[in-house]
Amino acid sequence: IVMATQKGVVKKTTLEAFSNIRASGIIALTIDEGDHLVEVRLTDGQYDLLLATREGRAIRFPEEKVRAMGRTARGVKGIGLREKDEVVACEAFPRNAPATLMTVCEHGYGKRTAVAEYPVKGRGGLGVITIKTTERNGKVVGCRLVTDDEDLMLITSGGKIIRMPVAGIRTMARNTQGVRLIRADE
């Protein structure tokens, strides 16, 4: 199991460590004050991890760069964050996955980018641009790995919902702004 926090910390723990759960629960991660758990992913030990941030950056690194730790451990630095930035998504996928990364911003814009465009680096770096966060786009609210045979559903905080086929969203380079996916009210 791989866990990622808002402040860029990642932790890997074996699934067996969670085999004896008590009714009162058990500690899965020691988390710093002011930090929050963002994602938990089940992996096979040979996956690549991708962390995406609110300011439009992403880092991809091999899962082996994070050693397995006990349940109460804090974890290690997965991505270096600039001031006021935070992790919004973590994905785990097989190294040669034909998927694309769908990135969605707060003003209803987004895009798909082939995972092959994200260079495999060591963990702890600042990452690369995954989408240009501008006044038009807003900040990143989420990223997910998608394939052409899936549908994407977007829901605004005002309750507006839209469903669209992923295949209808053009695949673009990393350093672009994307296209309008949904009209978001102010």
Side-chain angles (χ1 to χ4, degrees), residues 1-6 8 10-12 15 36-66 78-79 85-121 123 127-134 136-185:
I1 294 178
V2 173
M3 299 170 235
T5 73
Q6 195 174 39
V10 291
K11 179 187 168 191
K12 183 167 71 172
L15 193 55
H36 303 283
L37 185 64
V38 173
E39 300 270 2
V40 177
R41 295 282 179 226
L42 188 60
T43 68
D44 70 356
Q46 302 295 311
Y47 280 17
D48 275 359
L49 303 175
L50 188 138
L51 299 176
T53 74
R54 189 158 171 72
E55 295 292 332
R57 299 195 69 81
I59 190 167
R60 176 182 177 183
F61 55 91
E63 179 183 349
E64 294 89 352
K65 297 287 183 183
V66 182
I79 186 169
D85 201 2
E86 60 189 30
V87 172
V88 294
C90 173
E91 285 293 336
F93 52 93
R95 298 227 159 83
N96 299 321
T100 55
L101 184 71
M102 181 76 218
T103 304
V104 178
C105 295
E106 61 191 359
H107 294 161
Y109 288 84
K111 68 173 183 169
R112 291 172 54 202
T113 305
V115 292
E117 285 202 35
Y118 295 90
V120 178
K121 302 277 187 174
R123 64 173 179 78
V128 294
I129 295 172
T130 187
I131 193 168
K132 285 187 177 179
T133 56
T134 61
R136 181 194 90 159
N137 284 6
K139 304 296 184 191
V140 175
V141 293
C143 293
R144 288 284 176 261
L145 280 181
V146 294
T147 57
D148 284 344
D149 60 342
E150 296 177 321
D151 284 346
L152 174 70
M153 289 183 72
L154 299 172
I155 306 169
T156 67
S157 58
K160 191 182 210 182
I161 188 169
I162 189 170
R163 179 180 172 183
M164 65 189 78
V166 168
I169 303 167
R170 189 167 51 106
T171 302
M172 301 177 177
R174 286 186 300 103
N175 197 13
T176 57
Q177 290 187 26
V179 296
R180 183 186 305 271
L181 302 173
I182 188 171
R183 287 204 184 275
D185 298 331

Less than 4.5 Å apart, side chain to side chain, heavy atoms only: is that true for R136 and Y109? yes
Q46 and E64, any side-chain heavy atoms less than 4.5 Å apart: yes
Between I131 and T113, does the side chain to side chain contact (heavy atoms under 4.5 Å, CB included) criterion hold? Intermediate values first, please. CA-CA 9 Å; I131 193 168; T113 305; over 6 Å; no
Which atom pair, heavy atoms only, marks the closest approach of P165 to D151? CA-OD1, 3.4 Å
Donor-acceptor pair, side chain of R41 and main chain of C90, under 3.5 angstrom: yes
Sorted by chain and number, sequence neighbours left out, side-chain hydrogen bond (donor to acceptor under 3.5 Å, both in side chains) with R123 holds for none
Is there a side chain to side chain contact (heavy atoms under 4.5 Å, CB included) between V40 and V2 once you walk through the steps? CA-CA 6 Å; V40 177; V2 173; over 6 Å; no
Under a 4.5 Å cut-off applied to non-hydrogen side-chain atoms, are L181 and V179 in contact? yes
Apply side chain to side chain contact (heavy atoms under 4.5 Å, CB included) to residues R183 and K160 and explain how you reach the verdict. CA-CA 9 Å; R183 287 204 184 275; K160 191 182 210 182; 3.8 Å; yes
Kindly compute the distance separating CG (N96) from CG (D48), expressed to the nearest 0.5 Å. 9.0 Å
So does D149 have more than 12 non-hydrogen atoms from other groups sitting under 6.0 Å from CG? yes
Is F61 close to L51 at the side-chain level, that is, under 4.5 Å between some pair of heavy atoms? yes
Would a 4.5 Å heavy-atom cut-off, applied to side chains only, mark D85 and R54 as touching? yes
Rounded to the nearest 0.5 Å, how far does CG of L50 lie from CD1 of I79? 8.5 Å
Of all heavy-atom pairs linking I182 and L154, the shortest is CG2-CD1, 4.0 Å
Are D148 and R112 packed together at the side-chain level, in the sense that at least one heavy-atom pair is separated by less than 4.5 angstrom? yes
Closest approach of V88 and T53, non-hydrogen atoms and distance? CG2-C, 3.9 Å
Note: G110 and M102 closest approach over all heavy atoms is C-CE, 4.2 Å
Euclidean distance, I155 CD1 relative to R163 CZ, rounded to 0.5 Å: 12.0 Å
Flag, side chain of T133 to backbone of K139, donor-acceptor distance under 3.5 Å: no
Quick test of your reading of the model: are R144 and E39 salt-bridged, counting only N-O distances below 4.0 Å? yes
Any side-chain to backbone donor/acceptor pair from K12 onto G45? Under 3.5 Å, distance only. no
Going from CZ on R174 to CG on L101, what distance comes out if it is rounded to the nearest 0.5 angstrom? 11.0 Å
Closest approach of A114 and T100, non-hydrogen atoms and distance? CA-CG2, 3.9 Å
How long is the gap from CZ on R57 to CD1 on I129, to the nearest 0.5 Å? 5.5 Å
Nearest atoms (heavy-atom pairs only) where R95 meets Y47: NH2-O, 3.3 Å
Are any non-hydrogen side-chain atoms of P98 and T147 less than 4.5 angstrom apart? no
Just by distance, do the side chain of K132 and the backbone of N137 share a donor-acceptor pair under 3.5 Å? no
